[in-house]
Protein chains: 2
Amino acid sequence: MTSETRPTDSPVSERALHFLKALVERYIREGQPVGSRTLAKDTGLDLSPATVRNVMSDLEDLGLVVSPHTSAGRVPTVAGYRLFVNSLLTWRAPSEDDIASLRTRFDVRTDAKSLIETASTLLSGITHLAGVVMLPRHERNVFRQIELLPLSEKRVLAILVTSEGEVHNRIMGTERSFTPSQLEQASNYLNQMFTGQDIGEVRKRLLDELKHAHASMDQQMIRAAALAQEVVEAAESRDDCFIAGQTNLMEFGELASMDRIRQLFDIFNQKREILHILDRCIAAEGVQIFIGEESGYALLDDCSLVTTSYRVDDRVVGVLGVIGPTRMDYQRVVPIVDVTARLLAAALRQ
Amino acid sequence: MTSETRPTDSPVSERALHFLKALVERYIREGQPVGSRTLAKDTGLDLSPATVRNVMSDLEDLGLVVSPHTSAGRVPTVAGYRLFVNSLLTWRAPSEDDIASLRTRFDVRTDAKSLIETASTLLSGITHLAGVVMLPRHERNVFRQIELLPLSEKRVLAILVTSEGEVHNRIMGTERSFTPSQLEQASNYLNQMFTGQDIGEVRKRLLDELKHAHASMDQQMIRAAALAQEVVEAAESRDDCFIAGQTNLMEFGELASMDRIRQLFDIFNQKREILHILDRCIAAEGVQIFIGEESGYALLDDCSLVTTSYRVDDRVVGVLGVIGPTRMDYQRVVPIVDVTARLLAAALRQ
DNA sequence: TTTAGCACTCACCACCGGAGAGTGCTAACA
DNA sequence: TGTTAGCACTCTCCGGTGGTGAGTGCTAAA
């Protein structure tokens, strides 16, 4: 499954592609511009450096490689990587060791949150890049049970359990105090009303009820509904995202200036932009690769993302992947991301 | 409250101390070795550089300052900082702005976890250092209510609420399945048994019961107790710790080498060592300052910690502080840490 | 079409030398 | 005796210089 064969009338010859492949692989390995002499030896085609130079010149005209300065070798451009990834890449299956360590660390018995954490730690550990796992809004998230507990005078603890066995809780101050039995009554009422319904739906209905609070409901009920409203909102807006192994990125020369690293880390801390990019991968089938500027964020210009969604029972429940320099080892990384997604999905399905 | 006055027969003269103070303040401001000429101007004592040199030479003999190389100025040693902090420091009260931004951001209505997060973000934002907030094991943590919910065949969700309105939950697989009513019965039983008791106590009693599971308990009860045991352990061992603004540390020249920063970030990610240091501050009264190697961790040699515990109703509930280079602005930072602790405590007390 | 040869370019490195900042020491001074 | 001026010395930092090596583009021959 090396590549789709390209039409022979393609603007770039079969041989040139062969060189491009060798160049990208070499550059990924060494991290330094590749010269004609090196490349001539690498391909095994027994051609002189001069010939290689001519080919490289063509590739440069096509915008697939550039040389950083007159007398340096060539480096792939984003278009070059793209071509490489799309049709030149040979996958390299993850090593036994890697698979083993993935398998053993995904303990089925832990809860979703720590699985997510483990996944991103593992990803970063194995790939030596930054691992990221996102847990997006569920489209389908069901109200399962609510519990209202008095905590102290005028403070109520609301606990909401949703379909995935996730627990959301919030402490809320109230102006007037509830008696324990009032709270119990209220939670019974809410449970009767909403159990089994979609969270989004529940939120809407609660809002409605609060608006036209009809005479039939007593005051306490209305206030209980307000409490429920709050915790339901918390449950809806939650989308978590873990990033692990950020420090791995410091190893890569091309990112290793203080300013650059600081920018990157700041992006990671805010998470917003990352979430935004990952959001775009939810729908996609299979592994997605964003190279350099393709992510659409100037600050990730010299980085690539490799992501894939993971599914439980054919429903997408999240996205995971890695972030690293454009010069990452796609052949190795892509399969690892793929496998991790599968194993995480399996662990989540139980 | 500039300083405790030192005994006049102290090995280091009043004037020398004055110089030391000026030197430390200058070095903290500029970050560069301070020379005799500069210092002579700084103190306003109208002495020649030569005289200053003599004094500096004395201070060097006492191990309070060093010069990085022959023809550089002097830099405070750890002992120098220590002396400065103990008896030369003039506190600088936080600015109106800082206090205001602290006050408004501590919204009483949010739960403990997000308060903690806010606190560390604020600390780092205001001081331009890394902010850290720890939520240690409570000595007094009370079992309030447990809830066991069937999630699917052979999976049970256990939710435990403890005294502080904190919610712990865990999903557990069971070999045989429970009926909903069995679970309800079990949770009622557990609640009756344990409500109001200390968590540590509960854990012990559960262990006991499991060991000598007496005939009087039916099989299901025993298995329910095992579930409870798990979530109780989770509740006991929890000690969280947030670190924010790590990237601020990259601004400081003395830490700004890739290797150093990477080490630091790795330490922060592990959290273990940090927690360990913070643990030592729990008992202490008031603001604690660890300068350089005083923290006991070689990897934090060129860093200082400023921490204090925060209390609710005279019980220590946590520790917070900042981490930065030894050359941090103690005069400003210490009061800020102090105030933040008070405000956080107030917000937690409600 | 491929190759050898050649002139040229550029980054990298080691080296040199001067400028500037700061020191320690000594001797003179109040 | 404490303070100061003077002086030689040390060390960092910076800019310039020159050589080396890697690599290129171009041209002309095979």
Side-chain angles (χ1 to χ4, degrees), chain A residues 8 11-20 22-24 26-27 29-77 80 253-254 256-257, chain B residues 8 11-20 22-24 26-27 29-77 80 253-254 256-257:
Chain A
T8 45
V12 39
S13 77
E14 206 63 51
R15 191 177 66 170
L17 287 180
H18 185 72
F19 278 119
L20 179 61
L23 181 138
V24 174
R26 177 104 197 179
Y27 182 66
R29 232 182 13 250
E30 314 269 322
Q32 271 169 4
V34 186
S36 52
R37 164 184 244 84
T38 328
L39 206 48
K41 280 187 210 143
D42 249 28
T43 56
L45 286 191
D46 195 34
L47 288 172
S48 81
T51 314
V52 177
R53 281 206 284 281
N54 291 330
V55 179
M56 297 316 274
S57 184
D58 296 346
L59 288 177
E60 185 150 13
D61 291 343
L62 291 168
L64 297 170
V65 299
V66 274
S67 60
H69 60 264
T70 334
S71 90
R74 302 299 208 299
V75 163
T77 61
E254 56 267 54
S257 90
Chain B
T8 45
V12 41
S13 78
E14 206 62 53
R15 191 179 65 167
L17 287 180
H18 185 73
F19 278 119
L20 179 61
L23 181 137
V24 175
R26 177 104 196 176
Y27 182 66
R29 230 178 19 246
E30 315 268 323
Q32 270 168 5
V34 186
S36 52
R37 166 184 243 85
T38 327
L39 206 48
K41 281 187 210 147
D42 249 29
T43 55
L45 286 190
D46 197 34
L47 289 171
S48 80
T51 315
V52 177
R53 281 207 283 280
N54 291 331
V55 179
M56 298 315 278
S57 184
D58 295 347
L59 288 177
E60 185 151 11
D61 291 342
L62 290 168
L64 298 171
V65 299
V66 273
S67 61
H69 61 262
T70 335
S71 89
R74 303 297 209 299
V75 163
T77 62
E254 55 267 54
S257 88

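Order of the sequence lines fixes the chain letters, A, B, ..., with proteins taken first and strands second; residue numbering starts at 1 for each chain.
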Interatomic distance, CD@B:E60 vs CE@B:M56, rounded to 0.5 Å, equals 8.5 Å

Rounded to whole Å, CE of A:M56 lies from P of C:dT3 at a distance of 16 Å

Among the nucleotides D:dG6, D:dC26, D:dT12, whichever has the atom closest to the side chain of A:R53 is D:dC26

Assign each of A:P49 and B:D46 the nucleotide of DNA chain D bearing its closest heavy atom; nearer the 5' end lies the nucleotide of B:D46

Assign each of B:N54 and B:G73 the nucleotide of DNA chain C bearing its closest heavy atom; nearer the 5' end lies the nucleotide of B:G73

#### Entry: Phosphate-side-chain proximity, A:R37 and D:dT24, N/O vs OP1/OP2 below 4.0 Å
no

Rounded to whole Å, CG of A:D58 lies from P of D:dT24 at a distance of 14 Å

Open item on the list: Does C:dC10 have OP1 or OP2 under 4.0 Å away from a side-chain N or O of A:S71?
Closed with: no

B:F19 atom CZ is separated from D:dT3 atom C1', nearest whole Å, by 12 Å

ask   = Distance-only, no hydrogens or angles: does the A:T77 side chain make a donor-acceptor pair with backbone N or O of A:G80 under 3.5 Å?
value = yes

Exercise for the section: Verify the neighbour count for atom CG of B:D61: are there more than 12 heavy atoms of other residues, nucleotides or ligands below 6.0 Å? Expected result: yes

Using a cut-off of strictly less than 4.0 Å, decide whether A:R15 has a side-chain nitrogen or oxygen near OP1 or OP2 of C:dT1. no

Value for CZ (A:R29) from CG (A:D42), rounded to nearest 0.5 Å, stands at 6.0 Å

From CZ of A:R26 across to C1' of D:dA22 the rounded distance in Å is 14 Å

Exercise. Considering just the side-chain nitrogens and oxygens of A:S36, establish if one lies under 4.0 Å of OP1 or OP2 belonging to D:dT24.
Key: yes

Separation of D:dT24 atom C1' from A:H69 atom NE2, nearest Å, is 10 Å

### Pair of N/O donor and acceptor under 3.5 Å linking D:dT3 base with B:T51 side chain
no

Here the distance between atom C1' of C:dT23 and atom CG of B:L59, to the nearest Å, is 15 Å

Exercise for review: Give a yes or no on whether a donor-acceptor pair under 3.5 Å exists between the nucleobase atoms of C:dC10, that is its base, and the side chain of A:T70.
Suggested key: no

Rounded to whole Å, the CG-P distance (A:L47 to C:dA4) equals 11 Å

Picking from C:dG22, C:dC10, D:dT4, the nucleotide nearest the side-chain atoms of B:A50 would be D:dT4

Exercise. Would one find more than 12 heavy atoms of other residues, nucleotides or ligands at under 6.0 Å from atom CD of A:Q32?
Worked result: no

Separation of C:dG24 atom P from B:D61 atom CG, nearest Å, is 10 Å

